[in-house]
Enquirer: 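Would you mind keeping the following structure in view while I ask a few things?
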Amino acid sequence: MSLPGPDHGNPDHAHMLANKWMNATKLAEMVKTQGLVYKKGKFSAIEEQQLRTAIEAFKAGRGLTNDQLQDIIFQKNEKGKDNAFWSEITSALALRPIIAVYHHVRRAFHPKKQQGKWMPEEDAVLKQAVADLGQQWEKVSEIVGRMSSDCRDRYRNHIANREVRVTGVWTKEEEEELTAIVTEMTIQQGKDFDNDVFWGKVSDRMGNRRGRQQCRIKWTDSLSKTVKNEGQKPRWSAQDAYILVHKVDSMNVRDDTEIDWKTLPDSDWNLWSAHSLQRRWLTMKRGIKGYEDMTHQEIMDILRVKKAHLPPASAARKRKVTSVANIDEPADPEPGDAGPSGTQEGASDGQDRDADGSTDDSDA
DNA sequence: ACCACCATCTGGCTCGGTCG
DNA sequence: CGACCGAGCCAGATGGTGGT
């Protein structure tokens, strides 16, 4: 079709993804038996754009009003009428199963999709509604006037266990307790403590004094690194920045929302979790003046020079960097200055930047 | 029994704010 | 700055229901 996608593999598969409502089991089976490939996880900015375009095209093609479109998405009209809709917009995406697009679009177009803070009155209404109805979030949603998932989140994260919940700095004892629980649930069972933790369970075992994401963030951002580094807390260095830029560069994506951060950590450089690397990336990006209005390519061009000491156009670098071993590390691991003087090409205008770009074009 | 379609429940992630 | 936390946002899995 219109997409010149790099490889949308088997056309049968594309058709299947756009037309068959497969559940997780079936999907997994297809992956196994037929080599089906599909995409999971957050929709990238590019996918969002493709979806918007496809929806607009559908709407224009049938001369629909916004209300009619809304009706199709939420199916307030009579059943089974015009349900080419989901298949049609899904096929604009090539690698997404129809069920994923369905959920995504329904969330995105939801009339109660309002953002914003919860007022104390809303909390009270929510609490009462749950007391009356139990955790029937669709019914609760009617009463509270927010999306059911938002009601659930609010309840789960802020109403439930409010009496025992602790916030603020973690004590030494809490940290040790969390470390013990996580290592017991993962390492001692041969699982991976970066990926295989059920945080709800962990929170339970902490007596709910800390919530799911409190535990998770504490672990992934802080404690896990200490565990990996034999009790020492590692510091982010210029070399780390250098490696990160190289890795992102080698992914050749059009936009950083297309990056699957899970693939970035590797065994030679495993102090940093996917999450912390993503945060680092954001921080670096924001260090660039005017980054909001720049494309991914432009941002990469700047970072390549500033952090990775590569020529800006990337033309030379096509090699795939899959592990740290493939990266020419900055020559001297001296703290304070990690400038890899060796990698510098004889770039014509080659202005020599210092290693951590402390004084250059970052904004005021 | 099967299929298209849908609601709801479970689990994970992003990102801005704040503080030292 | 970077470390850390809070609050909200998002996707996946599960388990229907009504029509054939």
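Numbered from 1 within each chain, the chains take letters A, B, ... in sequence-line order.
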Enquirer: Taking atom P of C:dC9 as reference, at what distance in whole Å does atom OH of A:Y155 sit?
Expert: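 Computing the A:Y155:OH to C:dC9:P distance gives 20 Å.
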
Enquirer: Could you encode protein contacts along nucleotides 13-20 of chain B as a string, one character per nucleotide from 5' to 3', using B for base contact, S for sugar-phosphate-only contact and - for no contact, with a heavy-atom cut-off of under 4.0 Å?
Expert: BBBB----

Enquirer: Could you list who else is in A:V37's hydrophobic cluster, with ILVMFWY side chains joined at under 4.5 Å, directly or through other members?
Expert: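 Once heavy-atom contacts under 4.5 Å are chained together, A:V37 still belongs with nothing else.
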
Enquirer: Expressed in angstrom and rounded to an integer, what is the separation of A:R280 atom CZ from C:dC4 atom C1'?
Expert: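 Value for this atom pair: 12 Å.
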
Enquirer: State whether a side-chain donor-acceptor pair under 3.5 Å links A:D255 with A:T257.
Expert: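 Yes - a donor-acceptor pair under 3.5 Å links their side chains.
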
Enquirer: Rounding to a whole Å, what distance do you find between A:E29:CD and C:dA13:P?
Expert: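 Atom CD in A:E29 sits about 15 Å away from atom P in C:dA13.
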
Enquirer: Rounded to the nearest angstrom, tell me the gap between atom CG in A:L51 and atom P in C:dC10.
Expert: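 For the pair A:L51 CG and C:dC10 P, the rounded distance is 14 Å.
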
Enquirer: Looking only at side-chain N and O atoms, does A:T179 offer a donor or acceptor that is under 3.5 Å from a partner on A:E175?
Expert: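 The answer is no; no qualifying pair exists.
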
Enquirer: Between C:dG15 atom P and A:H103 atom NE2, what is the distance in whole Å?
Expert: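 The distance from NE2 of A:H103 to P of C:dG15 comes to 14 Å, rounded to the nearest Å.
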
Enquirer: Both A:I99 and A:R107 contact DNA chain C. Taking the nearest nucleotide for each, which residue is further toward the 5' end?
Expert: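 Residue closer to the 5' terminus by nearest nucleotide: A:R107.
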
Enquirer: Taking only the side-chain heavy atoms of A:W21 (C-beta and beyond), determine which of C:dG12, B:dA4, C:dA11 contains the nearest atom.
Expert: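 Given the options C:dG12, B:dA4, C:dA11, the side chain of A:W21 is closest to B:dA4.
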
Enquirer: Both A:T283 and A:H104 contact DNA chain C. Which one's nearest nucleotide lies toward the 5' end?
Expert: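 Counting from the 5' end, the first nearest nucleotide belongs to A:T283.
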
Enquirer: Any heavy-atom pair between the side chains of A:R146 and A:L126 that's under 4.5 Å?
Expert: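 With C-beta onward as the side chain, the pair stays apart.
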
Enquirer: Between A:I98, A:I99, A:L36, A:T90, which is the residue that forms a side-chain contact (heavy atoms from CB on, under 4.5 Å) with A:L17?
Expert: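 Between A:L17 and the candidates, side-chain contact (heavy atoms from CB on, under 4.5 Å) is satisfied uniquely by A:L36.
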
Enquirer: Check the pair A:E177, A:R210 against salt bridge (Lys or Arg N to Asp or Glu O under 4.0 Å), reporting the backbone distance first and the verdict last.
Expert: CA-CA 11 Å; A:E177 188 182 355; A:R210 297 287 183 171; over 6 Å; no

Enquirer: When the distance from CD of A:E48 to P of C:dC10 is rounded to whole Å, what number comes out?
Expert: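 Interatomic distance, CD of A:E48 to P of C:dC10: 8 Å.
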
Enquirer: Round to a whole Å and report the spacing from CZ of A:F109 to C1' of C:dC10.
Expert: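 Checked: the CZ to C1' distance equals 16 Å.
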
Enquirer: Could you tell me how far apart A:K26 (NZ) and C:dG12 (P) are, to the nearest whole angstrom?
Expert: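 Those two atoms, NZ and P, are 19 Å apart.
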
Enquirer: For A:H104, enumerate each residue passing the ring pair (Phe, Tyr, Trp, His ring centres under 6.0 Å) test, keeping only those at least two apart in sequence or located in another chain.
Expert: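 Result, ring pair (Phe, Tyr, Trp, His ring centres under 6.0 Å) vs A:H104: A:F43.
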
Enquirer: Can you tell me if A:W86 touches the phosphate of B:dA4, counting only side-chain N or O atoms and a distance under 4.0 Å to OP1 or OP2?
Expert: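 Answer no for this pair, as no side-chain N or O of A:W86 is under 4.0 Å from OP1 or OP2.
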
